Protein chains: 2
Amino acid sequence: MTAVLNERKEQILRAVVVNYIKTAEPVGSRTVARTHPGGLSSATIRNEMADLEEMGYLVQPHTSAGRIPSQRGYRYYVDNLMDLNELSEDVEEKISSSLSAGKMREIEQIIMNSTRVLSTATNQTSLIMGPQFKKSAFHQLRILPLDEKRGLVVLITDTGFIKNKVIDFQHQLSQSELQQVVSYLNQKLYGLTIDQVTTSLINELKRDLFRRLEILEQAFILLEESLKEEKQIRVFLGGTTNILNQPEFKDVDKIRRMLNLFEQEPLLFKILEDNSSEDDIVVRIGSENEFEDIKECTLITANYRIHDKTLGTLGVLGPTRMDYGKVISVMRRLVNQLNQSLSSS
Amino acid sequence: MTAVLNERKEQILRAVVVNYIKTAEPVGSRTVARTHPGGLSSATIRNEMADLEEMGYLVQPHTSAGRIPSQRGYRYYVDNLMDLNELSEDVEEKISSSLSAGKMREIEQIIMNSTRVLSTATNQTSLIMGPQFKKSAFHQLRILPLDEKRGLVVLITDTGFIKNKVIDFQHQLSQSELQQVVSYLNQKLYGLTIDQVTTSLINELKRDLFRRLEILEQAFILLEESLKEEKQIRVFLGGTTNILNQPEFKDVDKIRRMLNLFEQEPLLFKILEDNSSEDDIVVRIGSENEFEDIKECTLITANYRIHDKTLGTLGVLGPTRMDYGKVISVMRRLVNQLNQSLSSS
DNA sequence: CCTTAGCACTCTACCATAAAGAGTGCTAAG
DNA sequence: CTTAGCACTCTTTATGGTAGAGTGCTAAGG
């Protein structure tokens, strides 16, 4: 399918892509001729560019304009022509300093720092899916009584996350009753992933427990609710205003649609989840994206892990005209750092 | 200072303001004449409008355009002419349903719901300062050991909030050592507001404790850090994309500046805090605002309370051309509901 | 003395037309 | 196969002209 281009065509395609990424203006044959190392005339370049257009790698916005890369052109560039940049010291420093292990104990803090770093280093919008808590396994459950009416449920997973939530008891509970419930639950739930704690399992446990302690109904409902809530995964955003600097978003209507998208967390989650099975960095250009709202954008995603267990996904979203080399370099570096920070805590 | 206008001038000013709020177009004398109950000719209205302009209540964008209200005009309108609307059933229902007490136990949840309701009901951007945790008083501190290396610090305030945070112990602690520390801290801190827990007080406690338990240094540093973090107050935003629907923000550059502002949480906090001492609803029109970035906007704020103790501030931010009556009505209603929901839990 | 009809005047918004500039495709010659 | 030359196309920018909205002023009427 992907026809291989001869070297001259490749060089010309690369020149067009690089130039267009930099200037956001259609690239003409004269400009390419000036950049081209082989010293060809603009007329020759013109012929080659006409060929590249016919093959579908370039597009002309109108008859008397230069060429811009088509989606297929970007794809060929990413797959075959792109150079990965060295990271600037500046970016390097930002990544290692703001994600250094040890300083932060809360995963949310790490994730939020990452969104900021990722968006400023790439000048695009970054989105990071919070840890896939539901894939973690139950390790320990505690209930800390706060006063007669309330308790704090603390849940510890095998990946070392700690989640907690306040619940109201409807009835007063004695210390020993509480103790019984807690140890029963721990025994039953140990080792299951949060995903596996289905409603039917909870109902089963409930029936089982009620034989012993009828009083608990209310507390149980609340526990169930808290679990349900924890299954929901947050998506963190950074640099949403960066799209305003891109000339492809000079239209207020496009901006509106984009910002609207950013406000819909469940949709963002779906978009990121769609790519979460892949192992390395994934580049989705234009209509390669499943979701209608980002079919004019490029989304680059990667997964982050803790001890070889995939926890979530991070992504960079921007116009198809983006600095692929830079973004991919930054993401690769950031994911490494992130994996390291998470695993070492 | 504020000269009182005669009734006819008031009616004309009102007509201009109301019309301009609705249409966002300069209002001409003919339009006012049509709306005016007294049945005057456009020529008469013209004379009056010329007077109002000279007095500084109206402005003309250019010679052959209608008038629009000046900042002073809006101020006069808000102070003397504005009607408070009845809330539509729709809005009424949204407020009472999404903030009904009992359903939610976490204050953050309540606040986030409020931002959503406030922004959709007003079609503006809403911002709510999270509870001023630092004004609450220390009630109880607990440490729940999680494993050898970590513990969960739980802090309960007199207003019933529960904050918690995971800390790493550098050294292993026995149950009884922990118990000693906790009861000592509780004794010392009880009744103080979070604000009053200064660094010097912490240092004093530290010296005191170290005589007994040198081992604790690391844990203490972490506790101190957590407290510092809790003192920081979050600002929640809703409906940030609403400004895109307003014609005064059809300029991409203005949008950028505005959205940039929205990303700077500390600044938003300052803006809201600036008004937090006032008792009722406060309307700041245009340059009446202290902060440069919102001098072209109107900010309407109000405080919410729990048991007569001011916890935080909520605000609506939009162009000076906003539906003052509606926004103020909605805010008044929402604050009442919020106070009720918070106090009843 | 206040109100109002009438009218000249001003300014914006819109449209059409023209000119400049960029870049192409084609042809023919090296 | 490459390239100089040239006619052609299309966009962008500038220009001028017109319609429409609204004003301010003047003079007449109650």
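Fair warning: this is a prediction, and the values are worked out from it, not measured in the lab. Residue numbers begin at 1 in each chain, while the letters A, B, ... track the order of the sequences.
- Protein atom CG of L40(B) is 17 Å distant from nucleotide atom P of dG30(D), rounded to whole Å.
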What side-chain donor-acceptor pairs closer than 3.5 Å can you find for residues 118-127 of chain A, not counting sequence neighbours?
from, atom 1, to, atom 2, distance (Å)
S119(A), OG, T115(A), O, 3.1
S119(A), OG, R116(A), O, 3.2
T120(A), OG1, R116(A), O, 3.0
T120(A), OG1, V117(A), O, 3.2
T122(A), OG1, L118(A), O, 2.7
T122(A), OG1, Q124(A), N, 3.3
T125(A), OG1, G239(A), O, 3.2
S126(A), OG, T115(A), O, 2.8

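- The interatomic distance linking Q60(A) (CD) with dG23(C) (C1') rounds to 8 Å, in whole Å.
- Picking from dC11(C), dC10(D), dG25(C) the nucleotide with the shortest atom distance to the side chain of H62(B) gives dC11(C).
- In DNA chain C, runs of at least 3 consecutive Watson-Crick or G-U pairs, each pair with both distances below 3.5 Å, span C:1-30 with D:1-30.
- Atom-to-atom, CD of E25(B) to C1' of dT12(C) comes out at 12 Å; the value is rounded to the nearest Å.
- The CD1-C1' distance, from I45(A) to dT2(D), rounds to 11 Å in whole Å.
- Considering only heavy atoms from C-beta on, V32(B) stays 4.5 Å or farther from E48(B) through its side chain.
- In this structure, N6(A) atom CG and dC1(D) atom C1' are separated by 13 Å, rounded to whole Å.
- Closest approach of R75(B) and V283(B) over heavy atoms only: NH2-O, 2.7 Å.
- Atom CD of E248(A) has more than 12 heavy atoms from other residues, nucleotides or ligands within 6.0 Å.
- In the set dG25(C), dT23(D), dT3(D), the nucleotide with an atom closest to the side chain of M49(B) is dT23(D).
- Remark: C1' of dT23(D) and CG of N47(B) are 11 Å apart, rounded to the nearest angstrom.
- The phosphate of dC2(C) has neither OP1 nor OP2 within less than 4.0 Å of any side-chain N or O from R8(B).
- Between dT2(D) and T44(A), no contact under 4.0 Å exists linking OP1 or OP2 to a side-chain N or O.
- One atom, CD1 of I12(A), and another, C1' of dT2(D), lie 13 Å apart when rounded to the nearest Å.
- Put simply, the side chain of S42(A) never gets that close to the backbone of A33(A): no donor and acceptor are under 3.5 Å apart.
- Contact annotation: R30(A) does not reach the phosphate of dG21(C) (side-chain N/O to OP1 or OP2, under 4.0 Å).
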Using atom names, set out every protein N or O paired with an N or O of nucleotides 6-10 of chain C below 3.5 Å, distance rounded to 0.1 Å.
from, atom 1, to, atom 2, distance (Å)
dG6(C), O6, R46(B), NH2, 3.4

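- Position along DNA chain C of the nearest nucleotide to S42(B) versus P61(B) favours S42(B) as the more 5'-ward residue.
- Checking side-chain atoms of N19(A) against main-chain N and O of V16(A) turns up no donor-acceptor pair under 3.5 Å.
- Phosphate proximity of dT23(D) to S29(B): present, with a side-chain N or O under 4.0 Å from OP1 or OP2.
- The neighbour count for Q264(A) CD, taken as heavy atoms of other residues, nucleotides or ligands under 6.0 Å away, is above 12.
- Counting non-hydrogen atoms of other residues, nucleotides and ligands closer than 6.0 Å to CD of E296(A) gives a total of 12 or fewer.
- Side-chain contact check for Q71(A) and T320(A): no donor-acceptor pair (N or O, by modelled atom type) lies under 3.5 Å.
- The aromatic rings of Y324(A) and Y74(A) sit tilted, their planes meeting at an angle between 30° and 60°.
- Residue R34(B) contributes atom CZ, which lies 11 Å from atom P of dA21(D) at whole-angstrom precision.
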